[in-house]
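Notes follow the structure.
Below, chain A is the first sequence line, B the second, and so on; all start at residue 1.
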Amino acid sequence: MIDKRVATALEAVAGVPDGATVLVGGFGESGVPTVLLEALVQQGATGLVIVANNAGTADRGIAALLRAGRVRRMISSYPRSRGSLWFEKRYAEGSIELEVVPQGTLTERIRAAGAGIPAFFTPTAVGTEMAEGKEVREFGGRPYLLEYALPGDVALIRARRADRWGNLTYHSVARNYAPTMAAAAALTIAETAEPVAELGDLGPEEIITPGIYVDRVVHTGAALAWDGEGAR
Amino acid sequence: MIDKRVATALEAVAGVPDGATVLVGGFGESGVPTVLLEALVQQGATGLVIVANNAGTADRGIAALLRAGRVRRMISSYPRSRGSLWFEKRYAEGSIELEVVPQGTLTERIRAAGAGIPAFFTPTAVGTEMAEGKEVREFGGRPYLLEYALPGDVALIRARRADRWGNLTYHSVARNYAPTMAAAAALTIAETAEPVAELGDLGPEEIITPGIYVDRVVHTGAALAWDGEGAR
Amino acid sequence: MTGPELLPDGVAPWTMTEVAAHAAADLPDGAHVNIGIGLPTLVPALLPPGREVVLHSENGMLGMGPPPAPGTADPELIDAGKNLVTLLPGGSYFSHAEAFAMIRGGHIDVSVMGAFQVSQNGDLANWSIPGDKAPAVGGAMDLAAGARRVVVITRHTASNGAPKLVAACSLPLTARGVVDRVYTDLATLDVRGGQFRVAAAAPGVTPAILAKLTGGEIDWQCGLRRRRRGSHHYFPAAGGAGPRPVRPGPARLPGC
Amino acid sequence: MTGPELLPDGVAPWTMTEVAAHAAADLPDGAHVNIGIGLPTLVPALLPPGREVVLHSENGMLGMGPPPAPGTADPELIDAGKNLVTLLPGGSYFSHAEAFAMIRGGHIDVSVMGAFQVSQNGDLANWSIPGDKAPAVGGAMDLAAGARRVVVITRHTASNGAPKLVAACSLPLTARGVVDRVYTDLATLDVRGGQFRVAAAAPGVTPAILAKLTGGEIDWQCGLRRRRRGSHHYFPAAGGAGPRPVRPGPARLPGC
């Protein structure tokens, strides 16, 4: 019988090795798998390559990993954002490497990894300093850059609901990177805000991420709370 | 005000020019926009390039266009299937050109067109006669083929429901090519099985094809009927 | 706003709200529009009554609505600038990857962006300035390269008085040759044929004044002629109920 | 079935249902499996009790179930062979593009396919034969190139007695070096190291008989050794509740 449920976040992140490339869902604080990230700090894996849109806020999410010194390299679109203090500190002291990627190129590189496409051409960033060293080719008279798939060893994502097959649904724009990252990692781990559903409770037209992409699910109950000033 | 509804299938296909590349949704008889295709026969456009998984059954769907001599070229994955008599006749008499494309490469070429990717590499068909003349490149020691985006001038698709913004939902696997083709054509036309919904009736998590990809919707009421032997 | 100390008597620059209203007035009914961070966020509230524009957000949403009423916020429902928003009836959610497929695939009719510099050939610099603590690019390069029309809202000059409309950008580029129109507190200018062509000017702004405050080449006559034909509307009512033309070219003004 | 006139007394070939049952028995619990057209369609009904295998269909479905009971058919709900099917609880629908992203991206654990020819180095020919009215390829090339494991169900020889397991394919290839195991009415053979390695043989099938009916090189000893270690199971219970290993290699047998 298929049963991808695990009891705790710490069990969910068991086995993530040092040096792993970890895709982390979320945009700003929306959809960030904060409980899994906290568990990963506890679990102890280090030398990580973190692929994520942002770099965490205050001490939360990716910032907790950065604070604990577990990150060797960030691949990110907008690491420097409001409250990304630990990223700024680690970057300033030179203790992390940084690869900045245009947001659409980042999502498409992750999508390519999940879809078996090793490389593709894109119009984004042509003629900018981000194109330096990249292969340029014209199609229909317009120049495009060659970009490569960006797979993960692990993906950490947050979903709304799951079932024992690992099927997932999401809540509004908290979906963001999750479905794409789920498909792009060898080991995909999802935390869910709501209790795990019975098989069949998530309808076939309602499921956004089919369980084929998901390895472990854990109900953490975590969702963003809003105190009127900022998230949580 | 945005209102993409039109009253009749003939209005819906108005303006499709001779020589247009037309992406046609459907797999077998599931999800085929038969009423739009009948309207296109009536409308009279000819010299068409038809992109579709199959080539129609009996006198229905794409077969109606083939019968009427409106097709110059088929780009298809499996044109020769049970009951594709008009395709076989036109192909045997040499009156249509044929480009056969592996099914996953066909869908991905259409997806690329909608997503602004002019070309991508794929492992499919490497080392086969379908790779002849195509650029091969190795990534990570494995060979891949370069494939090009396949955009349409027009897409004809069938959906379950629509609203005036052109948002669409689908019914089970009748979804197949429709969401991908909707994004890949300059003019996307959808027929719907159910009456057009009020704006907001289709929930934000329920919409599969956002209206940004759709230009005209027409309620035809057409859905596949099953007589116990074969479709309709 | 462009520093008043630089402006002769008699010049009455538009407020940035007026500038945003110009941009809002030019968004065609039925357009799918991405609103950038900063000054562009003024635009949605300034749309003319009855103008139905569908707002796109990079984090996976079409049909974005205004900020929530107090006490009704969904903390996960944010825009690309991480501000709380709502969703209108007809709106939909999708993945980040799909949101950028829309952008890159040319489905966004208009991208409204801020800018550090715009050059007379339409180059845009709006993502990086010297002294940034660390690089960060976001979705700007995708929007600039992918949207069918790129318009910029900006003060006409920087706070130190330096032109932001220039012959060639000195800051790192976001994309080359993409800007179609610039809305400033002194003028509305189309970027065409290697020139800034004046489509409208604030009260009291003369060719000499504009030339002094602009780094690039200005064509004043062309703009005036167009302006006499009236209004900020830059392309005939596309979108809405009407079908898109087959294989639409980029939405641009007819030549002057 | 391989023509009995070619078989010496004492050989009792398996029925094709038995062959499909061998393939079914080898599908690990929790695997995501694509079932090809033809003989492979026998497999799902032959899964051992309690074995939970999720069936994938190229037209956009996971969790495909058996044919519908009479009078309950949804005419749109078909499999890749255009036959009426059902959906199990936990099943989901998605686009054709997503279905093939799953295939090409290596998410399908096992693809069960028919074949015209399989070569000793794992080349597969199963899409085109001389005399086809027109070419048609379908999803075979994507499945053969993309699935983590490709297994073939076929009669051991063609109806004219010609070997289908060959040194080199003479028919147009579907993919090179992809077939992991072949199930025939005479034997189950792993395709490894440029050989067909016998994992199991039908009653009475001797090395000499198999060599006579096979076009490629056979290793009999290796297979026997493995067979003594027992069963058709070719990899340790993967899938199911257990996590996939980080960066799994292709699921293959340990070397003989």
Side-chain angles (χ1 to χ4, degrees), chain B residues 25 27-31 53-55 57 74 76-82 84 87-88 91-92 98 100-108 110-111 114 122-130 143 170-181 193 208-209 223-228 230-232, chain D residues 37 57-61 64 68 70-87 91-106 123-125 127-128 132-146 171-178:
Chain B
F27 178 86
E29 301 213 56
S30 180
N53 192 79
N54 306 107
T57 308
M74 287 279 322
S76 178
S77 172
Y78 213 84
R80 165 178 50 82
S81 46
R82 212 160 43 198
S84 58
F87 165 75
E88 284 166 32
Y91 184 75
L98 174 64
V100 170
V101 183
Q103 212 164 116
T105 300
L106 183 64
T107 57
E108 190 66 13
I110 299 166
R111 191 265 172 192
T122 177
T124 299
V126 168
T128 74
E129 64 182 48
M130 294 227 170
Y170 300 96
H171 172 66
S172 80
V173 292
R175 185 187 306 189
N176 58 65
Y177 282 86
T180 316
M181 288 177 165
I208 300 297
T209 296
L224 215 49
W226 189 258
D227 62 11
R232 230 209 314 209
Chain D
I37 294 169
S57 189
E58 298 97 297
N59 52 328
M61 169 172 34
M64 185 168 65
T72 68
D74 171 351
E76 310 263 19
L77 186 48
I78 58 175
D79 67 10
K82 324 268 161 71
N83 305 298
L84 291 168
V85 294
T86 53
L87 191 80
S92 55
Y93 301 121
F94 35 85
S95 72
H96 224 80
E98 183 74 25
F100 279 91
M102 284 176 194
I103 293 170
R104 209 178 33 238
D123 294 353
L124 174 65
W127 72 279
S128 176
D132 279 347
K133 283 185 205 151
V137 62
M141 289 189 179
D142 306 278
L143 283 159
L171 292 170
L173 292 185
T174 305
R176 290 184 191 270
V178 297

Criterion side-chain contact (heavy atoms from CB on, under 4.5 Å) on B:Y170 and B:T209, from CA distance to verdict
CA-CA 9 Å; B:Y170 300 96; B:T209 296; 2.6 Å; yes

Which atoms of [X] come close to chain B, meaning under 4.5 Å heavy atom to heavy atom: side chain ones, backbone ones, both, or neither?
X: D:L77; value: both
X: D:S57; value: neither
X: D:A134; value: both

Using the rule given for side-chain contact (heavy atoms from CB on, under 4.5 Å), can you reason through B:R175 versus B:I208, listing the C-alpha separation, both sets of side-chain angles and the distance that settles it, and then say yes or no?
CA-CA 9 Å; B:R175 185 187 306 189; B:I208 300 297; 3.7 Å; yes

Measuring heavy-atom distances to chain D, does [X] have an atom under 4.5 Å in its side chain, in its backbone, in both, or in neither?
X: B:P102; answer: both
X: B:F27; answer: both
X: B:S84; answer: neither
X: B:R80; answer: both

Check whether NZ of the Lys or CZ of the Arg D:K133 lies under 6.0 Å from the centre of the six-membered ring of B:F87 and within 45 degrees of that ring's axis.
no

Between D:E76 (side chain only) and B:G31 (backbone N and O only), is there a donor and an acceptor less than 3.5 Å apart?
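Answer holds: yes.
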
Of the listed residues (D:S95, D:G138, D:A97), which shares the most heavy-atom pairs with chain B below a 4.5 Å separation?
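Counting heavy-atom pairs under 4.5 Å, the top option is D:G138.
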
Of the listed D:D132, D:L173, D:D123, D:N59, the one with the largest count of heavy-atom pairs under 4.5 Å with chain B is D:N59

Would you check if there is a donor-acceptor pair between the side chains of B:Y78 and B:N53 at a distance under 3.5 Å?
no

Dump the intermediate steps for side-chain contact (heavy atoms from CB on, under 4.5 Å) on D:E98 and B:T180, then the final yes or no.
CA-CA 9 Å; D:E98 183 74 25; B:T180 316; over 6 Å; no

Contact winner vs chain D - [options], heavy-atom pairs under 4.5 Å:
options: B:G127, B:A174, B:S172; value: B:S172
options: B:M130, B:E88, B:R82; value: B:M130
options: B:N54, B:T122, B:T107; value: B:T107
options: B:S76, B:A125, B:S77; value: B:S77

Going through the distances and angles, do B:M74 and B:Y91 end up as a side-chain contact (heavy atoms from CB on, under 4.5 Å)?
CA-CA 10 Å; B:M74 287 279 322; B:Y91 184 75; over 6 Å; no

To check you understand the geometry: which heavy-atom pair defines the closest contact between D:R104 and B:G104, and what is its length?
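That would be NH1-O, 3.3 Å.
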
In sequence, state the C-alpha distance, the side-chain angles, and the governing distance for B:E29 and D:K82, and then conclude on salt bridge (charged side-chain N to carboxylate O under 4.0 Å, His left out).
CA-CA 8 Å; B:E29 301 213 56; D:K82 324 268 161 71; over 6 Å; no

